[in-house]
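I have placed the structure first, in the form of structure tokens, so that the comments after it can refer back to it.
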Amino acid sequence: MSRNSLTVIDNRTGTSYELPIEQGTVKAMDLRRIKVDEGDFGLMSYDPGLTNTAAAKSAITYIDGDQGILRYRGYPIEQLAAHSTYLETAYLVIFGELPTPGQLAKWERSVGRHTMLHTNIQHLIETFRYNAHPMSVFISATASLSTLYPDARNIADPANRILQVERMVAKAATIAAFTYRHNQGWPCNFPDDGLTFIGNFLKMMFRMTEVHYQPNPVLERALNILFILHADHEQNCGTNAMRVIGSSQADPYSALAGAAAALYGPLHGAANEAVLRMLEQIGTPANVPAFLKRVKSGEGERLMGFGHRVYKNYDPRCRIIKRTAEEVFQVTARNPLLDVALELERIALQDDYFISRKLYPNVDFYSGLIYRAMNLPASMFTVMFAVPRTVGWVAHWLELVADPEQKISRPRQIYTGAEPRECRPAGLRGGTN
Ligand code: ACO
């Protein structure tokens, strides 16, 4: 009869061990039983980048990277993009169920109320140089929220946690908008509770002198879709950072800033910015083959917006964003760089280099073109990612804090340094220089 376990034989000692298998995993701590003698520390696993290590049990997001499937709380991302709004999806990701009309109205009111930003944070944003990278400003401003809300350190109180969550979801948008306005040298627009969350965000970003700013419904819908698609993606680098910092019971604003810092790297959330710069550098579809030749030779940069640690198939978010880009271009000018992107995708998907490595376009490949169509500078793109990803970060933080199996995050290492040696006073260390 088959048993749900793994039998391993340690060939150093000939001893056999049976390790239980639960949910397709063996417990790393079970490996520690495997020792050559009693004084031995026991076996560890070595996994740089945690490529094959589950660090949490999570009920939030499901990804099947081989099939190209993404679901939040069981709902396919395609259906959420088609039938829900960003705040509805945010509620789902954070609380586990789609809201009833009453729950949604209450949630929208609570988040709407918290979009107001303390003037200290506005002043902080304004102290940065006009050309400071918006992600650096966003990270600093979100970290600074902990100075205004010391109550956030009381993470043991569930009601208090939800209050901080509402603040973070709301204020991420306002911080992003104020950061953009400062970057452009324009005065900030204060939140308008008479608009939807996304409508208000557009107004805070783009209102110039209009007395009654009305968000363009096509752009409002497009931004809803983009924000839904970016809301969560299970244990990615930024979310892992949120969990690692949260595991020390630091306040959630500090953890949020750390998660945003992780997102800032070009291998993660700043890939959208890198994609646009890459498309600009390529210039026209005719230059695509030469560019891809350089990518494949390893001499040039990677094909940004391609490849994914988890997806070994077409990223389902990318398909929706590509469609949304076409809709946005109906109301804005069509960006000619779209043709460069389409040509890159067409050739790469027929090329053995990309096929054999299962490299497909990811979420960042087309999103920048939409943001550029909205007249945003490339440096703002990662901030546009961080605003909705705040939802995923706070959902994982809530899950972590309530999970009795979680501990302070503290990996092991394989020490490769010097053997013990004696430290002598400077004059006795030898050497001529
Ligand atoms: N262009 C060219 N070659 C690539 C690319 C790419 N974009 N991505 C991976 N490869 C190649 C690697 O060179 C490697 O080839 P090799 O086996 O001959 O050495 C192979 O594919 C495997 O690549 P890894 O780096 O081992 O894959 P990993 O899972 O560690 O990296 C990552 C995933 C970081 C996303 C990678 O594909 C990449 O750098 N992509 C470009 C940046 C990007 O778009 N990032 C956004 C990801 S989505 C997000 O974070 C929101």
Side-chain angles (χ1 to χ4, degrees), residues 46-53 61 63 65-66 68-70 72 77 135 226-242 259-279 281-282 288-322 340-341 343-371 378 380-393 396:
Y46 176 57
D47 189 7
L50 304 178
T51 54
N52 196 37
T53 297
T61 290
I63 302 175
D66 292 328
I69 291 172
L70 170 60
Y72 298 155
I77 193 71
M135 267 310 277
L226 281 167
F227 277 20
I228 289 168
L229 299 179
H230 284 87
D232 191 46
H233 213 235
E234 48 118 310
Q235 312 297 324
N236 56 82
C237 183
T239 303
N240 188 45
M242 182 89 191
L263 190 75
Y264 187 14
L267 295 188
H268 192 12
N272 50 14
E273 181 179 346
V275 168
L276 203 91
R277 297 196 198 288
M278 174 188 77
L279 295 176
Q281 182 202 332
I282 297 170
V288 165
F291 175 81
L292 286 179
K293 203 169 159 197
R294 277 203 311 282
V295 169
K296 291 191 290 178
S297 71
E299 288 163 19
E301 60 173 312
R302 289 186 163 194
L303 174 51
M304 300 311 282
F306 254 67
H308 199 275
R309 170 61 60 76
V310 179
Y311 291 118
K312 301 302 167 197
N313 200 327
Y314 210 97
D315 183 333
R317 302 168 297 177
C318 180
R319 197 170 278 121
I320 303 170
I321 293 176
K322 193 172 165 185
V340 180
E343 185 67 353
L344 270 173
E345 182 186 335
R346 189 185 69 79
I347 299 185
L349 292 186
Q350 294 172 9
D351 188 302
D352 190 53
Y353 176 95
F354 297 94
I355 295 170
S356 62
R357 289 171 179 77
K358 298 188 176 170
L359 300 171
Y360 293 86
N362 61 47
V363 66
D364 290 321
F365 195 63
Y366 289 103
S367 59
L369 288 171
I370 300 183
Y371 293 136
M380 270 301 290
F381 295 177
T382 312
V383 174
M384 298 296 283
F385 189 155
V387 172
R389 181 52 60 85
T390 297
V391 163
W393 290 331
H396 282 272

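Each ligand, and each atom within it, is numbered from 1 in the order the structure gives. All figures in this text were calculated on a predicted structure; none of them were measured in a lab.
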May I ask you to check whether [X] has an N/O atom sitting below 3.5 Å from an N/O atom of ligand 1?
X	answer
R317	no
M304	no
F306	yes
N362	yes
D364	no
V363	no

Which ligand 1 atoms does [X] reach within 4.0 Å, using its non-hydrogen atoms?
X	value
F385	51 (C)
Y353	2 (C), 3 (N), 4 (C), 11 (C), 13 (O)
L267	39 (O), 45 (N), 46 (C), 47 (C), 50 (O)
G305	43 (C), 44 (O)
V295	2 (C)
A271	43 (C), 44 (O), 45 (N), 46 (C)
L303	1 (N), 2 (C), 6 (C), 7 (N)

Does the [X] side chain pair with the main chain of [Y], one donor and one acceptor, at a distance under 3.5 Å?
X	Y	answer
N313	D66	yes
Y72	I228	yes
N362	H308	no
T390	A386	yes

May I ask whether F365 places a heavy atom under 4.0 Å from ligand 1? no
Take [atom] and look for protein heavy atoms under 4.0 Å from it; say yes if you find one, no if not.
atom	value
atom 22 (C) of ligand 1	no
atom 50 (O) of ligand 1	yes
atom 19 (O) of ligand 1	no
atom 27 (O) of ligand 1	no

[atom] [closest protein heavy-atom partner, distance rounded to 0.1 Å]:
atom	value
atom 30 (O) of ligand 1	R309 NH2, 3.0 Å
atom 5 (C) of ligand 1	L359 CD1, 3.8 Å
atom 17 (O) of ligand 1	R357 NE, 3.9 Å
atom 35 (C) of ligand 1	G307 O, 3.7 Å

Contact summary for [X] and [Y], nearest pair of heavy atoms:
X	Y	value
C237	H268	CB-CD2, 3.5 Å
L276	A378	CD2-CB, 4.3 Å
E301	V295	O-CG2, 3.3 Å
F365	A341	CE2-O, 3.5 Å
Y353	K296	CB-CD, 3.4 Å
I355	Q350	CD1-C, 3.6 Å

Report yes if some heavy atom in the side chain of V288 is under 4.5 Å from a heavy atom in the side chain of R346; otherwise report no. no
Quick one: does L226's side chain get under 4.5 Å of M384's, heavy atoms only? no
Taking the six-membered ring for Trp, are H230 and F385 parallel (under 30°), tilted (30 to 60°) or perpendicular (over 60°)? perpendicular
The side chain to side chain contact (heavy atoms under 4.5 Å, CB included) partner of S367 among D364, V363, I370, L369 is D364
Among H308, R302, K312, K358, which residue places a heavy atom closest to atom 39 (O) of ligand 1? R302
Under 4.0 Å, heavy atoms only, figure out whether ligand 1 is touched by the backbone of N236, its side chain, both or neither. neither
Under a 4.0 Å heavy-atom limit, does T51 contact ligand 1 with its side chain, its backbone, both, or neither? neither
Given ring-ring contact (aromatic ring centres under 6.0 Å, His included), test Y311 with H233 step by step and report yes or no. CA-CA 11 Å; Y311 291 118; H233 213 235; 5.2 Å; yes
